[in-house]
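What follows is a single structure, written as structure tokens, with notes after it.
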Amino acid sequence: MSELSSLSALTLRDALASGEVGARELTEHYLQRIEERNPALGAFLTVTAEQALQEADAADARRAAGGPLPLLHGLPLAHKDLTEVAGVPTTYGTAALPAAVTEEDSPLVAVLRAAGAISLGKTQVPEFGLSAYSENLIGPPARNPLHPELSPGGSSGGSAAAVAAGLIPFAPGTDGGGSVRIPAAATGLVGLKPNRGRVPSGSGQADLGQFVVAGPLARNAADAALLLDALVAEPGYRSTAAAAPAGSFLSAARRAEGRFRIGVSTLSPFESAFSITLDAPARDALEAGIRALGAAGHDVVEAPLTYDPRYHAAFQTVWTAALAIAPIAGEDEAKLTPLAGTLRQRARTRPATELTEAIAVLRQFEYDTIRQYADYDMILTPALGMTPRPIGWYTDADADTDYERQCRYSPFTSMVNVCGLPALVVPTLRTAEGLSMAIQLIGRPSAEADLLAVCAQLEAL
């Protein structure tokens, strides 16, 4: 076959099932690529080569024995270092806690292992998954394969860098404020945040706001749909999201059907707190997306939206609340990054009434926003406000400046988590410097299949 890492996950899935490629052969191929390319990219924090090869041999033996194969039979992937894999250290991106080694897989890992996927290791993340970049104090920063001096984003930045560089064919991420969509947009991938309740085992940490859900990072709509089909297939679990219409998400991506009324907005709920502007490439990517959606037959119109000015303060309060209960010893507080240390101190001294009020603000925000979005089948926004930022851009100032820069870089993603809606980013522009820029499509409740269909339509243009 041609270079294995250039093939889609779906093509590799079929080749593994037919026996044209063996699981060990494919695993060895990707491990070799990781050995060659990861030192310059920092995508992987831990590589579990021996364990992966054992699992690959078992997959080959299972195929040789005949019988049905699981959905992701023999396909390599990797997990964020916020997600617990049995026998593998989990650092949570922090120097303030010892790495944890558990005897059991987390539910997210277990579901993908049961689907036949083979984990090659753990990928780089920001401390506790807090940030829109993947830099911490325990390992080299994850770098953008399109331009290694720039960040791939976060918090699934290591995973996105690994997929974009061809170190794995696709990867699960977790998204609590944009953590799948931000790095997908920065590295030229498709990134899907499913509806709240769609993926049973999506959260990698305590999530008071019910923001976090696991979703796929992939190079095209079909690969993202394939991984989503595996993520939702947890035995004994009934999703609280509506069923995918007419079967699997992969079938929806392959059919690529539907014409939709799409409302365009460049309004961010952070505008009441910060000056939110779009740089030229972000605006050009949006315009390219509008033209492409029109060419695909969609009705693209302006959407006059409004957002509650209390959003920024409420979101930060709820987003950072879990830091207050992180089991960090007093002598280890100094090992936190300035961002985590500052936000933890505020979370620990915040009155409970303030947290309760913030949750109430966000629940009202959810209601008001979904009501406004109901005039459209989808909402279109820029994926990001700026081109990917340089390594160290966020961390060369105090914690509040760091946080403000994140909001200005990614002003359109966190509101989707608050509302629990599905959203997808898809590339629409390459700059003269070779950087990828993208748009974000926000769907109606439980409309992941429609988002994947539209993504496939744009890929076909």
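Just so it is clear, the model here is predicted, and its values are computed rather than measured. Side chains are part of it too, since the values below use all heavy atoms of this structure and drop only hydrogens, waters and symmetry mates.
Here Y307 contributes atom OH and S272 contributes atom OG; the two are 12.0 Å apart, rounded to the nearest 0.5 Å. The CZ atom of R344 sits 11.0 Å away from atom OG1 of T349, with the distance rounded to the nearest 0.5 Å. The line from CG of L167 to CD of E35 is 12.0 Å long, rounded to the nearest 0.5 Å. One distance of note links CZ of F412 with CD1 of I439; it measures 13.0 Å at 0.5 Å rounding. Separating the CD1 atom in I370 from the CZ atom in R444 is a distance of 11.0 Å, to the nearest 0.5 Å. To the nearest 0.5 angstrom, L362 atom CG is 12.5 Å from W319 atom CH2.
Panel note: side chain T90, backbone Y92; no donor-acceptor pair is recorded below 3.5 Å. At least one donor-acceptor pair closer than 3.5 Å links the side chain of Y311 to the backbone N or O of M415. Checked by atom type and distance alone, the side chain of K193 pairs as donor or acceptor with a backbone atom of L421 at under 3.5 Å. Checking side-chain atoms of D81 against main-chain N and O of Q124 turns up no donor-acceptor pair under 3.5 Å. Counting only distance, with no hydrogens or angles, the side chain of T83 and the backbone of H79 share no donor-acceptor pair below 3.5 Å. Of the possible polar contacts, one joining the D398 side chain to the T401 backbone as a donor-acceptor pair under 3.5 Å is found. Side-chain atoms of T428 come within 3.5 Å of backbone atoms of A285 as a donor-acceptor pair (strictly under, hydrogens ignored). No donor-acceptor pair under 3.5 Å is formed between the side chain of R143 and the backbone N or O of G158. Formation of a donor-acceptor pair under 3.5 Å by the R37 side chain with backbone atoms of A165 is found in this model. Within the 3.5 Å criterion, the main-chain N or O of G157 finds a donor-acceptor partner in the side chain of S134.
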Worked verdict on F170 versus L12 for side chain to side chain contact (heavy atoms under 4.5 Å, CB included): CA-CA 11 Å; F170 55 11; L12 290 171; over 6 Å; no
Intermediate values then yes/no, side chain to side chain contact (heavy atoms under 4.5 Å, CB included), L305 and Y373: CA-CA 8 Å; L305 305 176; Y373 287 5; 3.6 Å; yes
Verdict with supporting geometry, L71 and D229, side chain to side chain contact (heavy atoms under 4.5 Å, CB included): CA-CA 8 Å; L71 183 63; D229 281 330; 3.9 Å; yes
Intermediate values then yes/no, salt bridge (charged side-chain N to carboxylate O under 4.0 Å, His left out), R13 and D223: CA-CA 10 Å; R13 191 276 306 264; D223 285 358; over 6 Å; no
Residue pair Q406, L339: steps toward the side chain to side chain contact (heavy atoms under 4.5 Å, CB included) verdict: CA-CA 11 Å; Q406 293 184 60; L339 179 69; 3.6 Å; yes
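Centroid-to-centroid, the aromatic rings of Y376 and F260 stay 6.0 Å apart or farther.
Counting non-hydrogen atoms of other residues, nucleotides and ligands closer than 6.0 Å to CD of E104 gives a total of 12 or fewer. E36 CD: more than 12 foreign heavy atoms inside a 6.0 Å radius.
Residues Y133 and D402 have side chains that bring a donor and an acceptor to within less than 3.5 angstrom of each other. Side chains of T387 and R389: a donor-acceptor N/O pair is present below 3.5 angstrom, by distance only. Inspection of the E149 and N144 side chains reveals no N or O donor paired with an N or O acceptor under 3.5 Å. Side-chain contact of K80 with T174: a donor-acceptor pair under 3.5 Å is present, judged by distance alone. A donor-acceptor contact under 3.5 angstrom links the side chains of T94 and E127, judged on distance only. With no hydrogens or angles considered, no side-chain donor-acceptor pair links Q372 and D368 at under 3.5 Å. Of the N and O atoms on the side chains of N417 and R181, at least one donor lies less than 3.5 Å from an acceptor on the other residue. Between the side chains of S410 and T413, at least one donor-acceptor pair of N or O atoms lies under 3.5 Å. Inspection of the S251 and S248 side chains reveals an N or O donor paired with an N or O acceptor under 3.5 Å.
For A23 against I118, the heavy-atom pair with the smallest separation is CB-CD1, 4.4 Å. Residues L53 and T27 approach most closely at CD2-CG2, 3.9 Å, considering heavy atoms. Heavy-atom minimum distance, G166 versus R33: O-NE, 2.7 Å. Heavy-atom minimum distance, Y409 versus P388: OH-CA, 3.6 Å. Closest non-hydrogen pair, M386 versus D279, comes out as CA-OD2, 3.0 Å. P200 and L231 get closest at one heavy-atom pair: CD-O, 3.7 Å.
One finds a salt bridge joining D400 and R346 here, because a Lys/Arg side-chain nitrogen approaches an Asp/Glu carboxylate oxygen to under 4.0 Å.
Looking only at side-chain heavy atoms (C-beta outward), E366 and R196 come within less than 4.5 Å of each other. With contacts defined as side-chain heavy-atom distances shorter than 4.5 Å, the pair V163/L77 does not qualify. Using a 4.5 Å cut-off on side-chain heavy atoms (C-beta onward), L441 and V425 make no contact. Here the side chains of H147 and L435 are in contact, with some heavy-atom distance below 4.5 Å. A 4.5 Å side-chain heavy-atom check between L323 and R348 finds every atom pair outside the cut-off. Proximity of P194 to L228: side-chain heavy atoms (C-beta onward) are separated by under 4.5 Å at one or more points. Counting heavy atoms from C-beta on, the side chains of I442 and M378 never come closer than 4.5 Å. Two residues are said to be in side-chain contact when any heavy atoms from C-beta on lie closer than 4.5 Å; L380 and L286 meet this criterion.
Each of S414, C407, P269 was evaluated against F315; a single residue qualifies, S414, per the side-chain contact (heavy atoms from CB on, under 4.5 Å) test.
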